[in-house]
Amino acid sequence: MENSQAQAPAFTHLIDLAAERFGGQVLWCTDDFFAEKENLIKPSKPVFIADKYTDRGKWMDGWESRRKRTEGHDQAVIKLGAAGVIMGFDVDTAHFLGNQPQSCTIEACYAPDGDWDKAEWVEVLGKTVLNPGSQHFVEANPQPSTSQPPTPQLSTHVKLHIYPDGGVARLRVYGEVKRDWSTVKPDEVIDLASAQNGALSIQCNDMFFSHMNNLLMPGRGVNMGDGWETKRNRTPNNRDWVIVRLAHKGIIQKALIDTCHFKGNYPDTFILEGIAIDPPVPSSAVRRIDPKAESEALKNAQWTTIIERTKLQADHEHPFEKEVVCKDPVTHVRLSIFPDGGVSRMRLWGTIV
């Protein structure tokens, strides 16, 4: 039986570090005779087309190896879009009914130079039984390592082992991006709202149609589903909102609000506000934030306006610089849209403090 998203654990609200649109890449596998390894990290949900075949057999939306007639098992190596601390996985065998692997394990390594084949691999998921046509939400179990960064362990690559062969539709690797801020100069302008730098959408009042973390993804949105979109709200003077924890405490200098692909459902206006709270966004590569303490601090937050309420256009990039007022450093921003609708991307460039 396939698990529903309602049953998904808290770690699924984090960034999928392996996602193709986040910069993840499937670098290598032992065999993908029936279905290509690149399918593992596609953004879309797996589909099944009953009458679709290739010259190698049944077309499947996932990674599928041939039936193994020798010793051993199949493996695939994935480069993460950014270095991070892995918190959990979704190993999805959707539509693989009788041709799924019996079980899987996952290893991770820290190889910022890209030399993964010489890195020390550490098991982050023990042997897990895989059921047919199911999502398997499982927490990572990082192990201490003498040559890796201190626990919690940073990872740049994962290796999926399937036993002995078969098909996996999707692999999601949820975690927290950890950038090395010691390499960033004090006057260097970076996107503080970039997920690849460590920004994360942590709260919103509505994300009925698409996830709030889409706001922070690299590149422009590829379609209307690749953004943050709320349902139609009939309440007079409604305001929808999302709170983003910035990648680092900083002073915002420029902003961009992009309504790409939102043509009949873009918000009428927006306002951007900021706050600096305790606990601050960490500068340490591996320091963790306490979500409960953060949530409690946000309850009493006194927001200050960074960009005054401003009209938006359909399917348009809206740059702001002279309109940005951010004299003091901020750790979090709140984007409010009136009355509802969709925003594809938000960029907030500034310097770290």
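Computed from heavy atoms alone, side chains included, the values below leave out hydrogens, waters and symmetry copies. Because the structure is a prediction, the values reported are computed rather than measured.
A cation-pi geometry, defined here as NZ or CZ lying under 6.0 Å from the six-membered ring centre and within 45° of its normal, holds between Lys58 and Phe48.
Atom CZ of Arg220 is surrounded by more than 12 heavy atoms from other residues, nucleotides or ligands within 6.0 Å. The environment of Phe208 atom CZ is sparse: at most 12 non-hydrogen atoms of other residues, nucleotides or ligands sit within 6.0 angstrom. Around CD of Gln102, the count of heavy atoms belonging to other residues, nucleotides or ligands within 6.0 Å does not exceed 12.
Separation of atoms OG (Ser44) and CG (Asp61) is listed at 5.5 Å; rounding is to 0.5 Å.
Between Leu335 and Val244, every side-chain heavy-atom pair lies at or beyond the 4.5 Å cut-off. Between Leu298 and Gln203, some side-chain heavy-atom pair lies under the 4.5 Å cut-off. At a threshold of 4.5 Å between non-hydrogen side-chain atoms, the residues Leu160 and Ile78 do not count as touching. In this structure, Phe11 and Asp90 have side chains that are not in contact, with every pair of non-hydrogen atoms separated by 4.5 Å or more. Contact of the Glu176 side chain with the Leu14 side chain is registered, since non-hydrogen atoms from C-beta on lie closer than 4.5 Å. Proximity of Leu154 to Val85: side-chain heavy atoms (C-beta onward) are separated by under 4.5 Å at one or more points. Residues Arg309 and Ser336 are not in side-chain contact: their nearest non-hydrogen atoms beyond the backbone lie 4.5 Å or more apart. Taking the side chain as every heavy atom from C-beta outward, Met217 and Arg345 approach each other to under 4.5 Å.
Using a 3.5 Å distance cut-off with no hydrogens or angles, the side chains of Asn214 and Arg21 do pair a donor with an acceptor. Looking at Asn233 and Asn238, their side chains do bring a donor and an acceptor atom within 3.5 Å of each other. No side-chain donor from either of Asp258 and Ser344 sits under 3.5 Å from a side-chain acceptor of the other.
Hydrophobic clustering of Ile, Leu, Val, Met, Phe, Trp and Tyr side chains at less than 4.5 Å, counting indirect connections, keeps Phe209 apart from Leu216. Leu192 and Val333 fall within a single hydrophobic cluster, where Ile, Leu, Val, Met, Phe, Trp and Tyr are joined by side-chain heavy atoms under 4.5 Å apart, directly or via other members. Residues Val242 and Ile271 do not share a hydrophobic cluster, clusters being chains of Ile/Leu/Val/Met/Phe/Trp/Tyr side chains in contact below 4.5 Å.
In this structure, Trp28 and Trp116 have tilted ring planes: the angle between them lies in the 30° to 60° band. Taking the six-membered ring where the residue is Trp, His157 and Trp121 present perpendicular rings, their angle passing 60° and hence far from 30°. Aromatic ring orientation, His318 versus His316: perpendicular (interplanar angle above 60°, classes split at 30° and 60°).
A salt bridge does not link Arg172 with Asp92: every distance from a Lys NZ or Arg NE/NH1/NH2 to an Asp or Glu carboxylate oxygen is 4.0 Å or more.
When each of Phe338, Phe320, Trp228 is tested with Phe270 by the rule ring-ring contact (aromatic ring centres under 6.0 Å, His included), just one qualifies, namely Phe320.
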- Message: Working note: Asp206 + Lys231, criterion salt bridge (Lys or Arg N to Asp or Glu O under 4.0 Å); need CA distance, chi angles, decisive distance, verdict.
- Response: CA-CA 7 Å; Asp206 188 308; Lys231 60 179 173 290; 2.4 Å; yes
- Apply the test side chain to side chain contact (heavy atoms under 4.5 Å, CB included) to residues Tyr163 and Thr105: give CA-CA distance (whole Å), side-chain angles for both, the deciding distance (0.1 Å), then the verdict. CA-CA 8 Å; Tyr163 302 92; Thr105 61; 3.0 Å; yes
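Not a single donor-acceptor pair under 3.5 Å links the side chain of Asp315 to the backbone N or O of Phe262.
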